[in-house]
Amino acid sequence: MKKTTLGLGSIVLAAAFSLTACGGADEGKLAKEYCALAEDAQKAAESGDADKLKKASDALLKWAEDNKDEKGDEKAFTDAVKDECDDVANLP
């Protein structure tokens, strides 16, 4: 279950941020939001509670949908996520 949740987080991260170098996004703020949701998903997976896991996964998907049109620097965002929660984000 844990690997599924972390995999989902990585997929959401990749899907949500096809960012361009146009600027405008606050990559650090977005990374903090993403990391908080990814940490919630990890805790839910560790708890084994299916309802908590569904809520956490739904929150990640909603966040991705809400931020799909953000424009910014993909590398800056990825670096911010690595700095904020590399252990949870499971980035390469």
Side-chain angles (χ1 to χ4, degrees):
M1 197 76 143
K2 182 176 179 181
K3 287 188 180 208
T4 302
T5 302
L6 293 177
L8 174 63
S10 297
I11 291 167
V12 169
L13 177 65
F17 286 91
S18 300
L19 298 178
T20 65
C22 296
D26 181 347
E27 292 87 354
K29 178 181 174 274
L30 292 170
K32 285 179 189 281
E33 291 172 359
Y34 171 80
C35 286
L37 293 169
E39 288 171 1
D40 288 347
Q42 181 178 28
K43 288 176 186 173
E46 289 170 352
S47 78
D49 185 321
D51 288 335
K52 284 183 182 178
L53 183 56
K54 180 173 179 356
K55 285 180 185 177
S57 296
D58 288 349
L60 273 169
L61 292 171
K62 182 181 180 328
W63 178 87
E65 180 64 25
D66 290 349
N67 291 289
K68 71 180 180 184
D69 295 327
E70 287 290 336
K71 304 238 184 286
D73 186 292
E74 183 179 5
K75 182 173 178 353
F77 175 76
T78 302
D79 289 347
V81 169
K82 286 180 181 179
D83 289 344
E84 187 74 26
C85 65
D86 188 41
D87 57 326
V88 175
N90 200 26
L91 295 173

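- Rounding to the nearest 0.5 Å gives a distance of 11.0 Å between CG of Asp86 and OG1 of Thr78.
- By the side chain to side chain contact (heavy atoms under 4.5 Å, CB included) test, Ala76 is found to be paired with Glu27, Asp73, residues two or more places apart in sequence or in another chain being considered.
- Residue pairs that meet the salt bridge (charged side-chain N to carboxylate O under 4.0 Å, His left out) test with at least one member in residues 28-39, sequence neighbours left out, are Lys29-Glu33, Lys32-Glu84.
- Considering only residues two or more places apart in sequence or on other chains, Lys55 meets the side chain to side chain donor-acceptor pair (under 3.5 Å) condition with none of them.
- The two residues Ala41 and Ala56 make their nearest non-hydrogen contact at CA-CB, 3.5 Å.
- Pairs passing the disulfide bond (SG atoms under 2.5 Å apart) check and including a residue from residues 35-74, sequence neighbours excluded, read Cys35-Cys85.
- Classified by interplanar angle (parallel below 30°, tilted 30° to 60°, perpendicular above 60°), the ring pair Trp63/Tyr34 is tilted.
- Nearest approach of Gly28 to Ala80, heavy atoms of both residues: CA-CB, 4.2 Å.
- Taking Lys43 as the reference, nothing meets the side chain to side chain contact (heavy atoms under 4.5 Å, CB included) condition, with sequence neighbours excluded.
- Asp66 meets the side chain to side chain donor-acceptor pair (under 3.5 Å) test with Lys62; sequence neighbours excluded.
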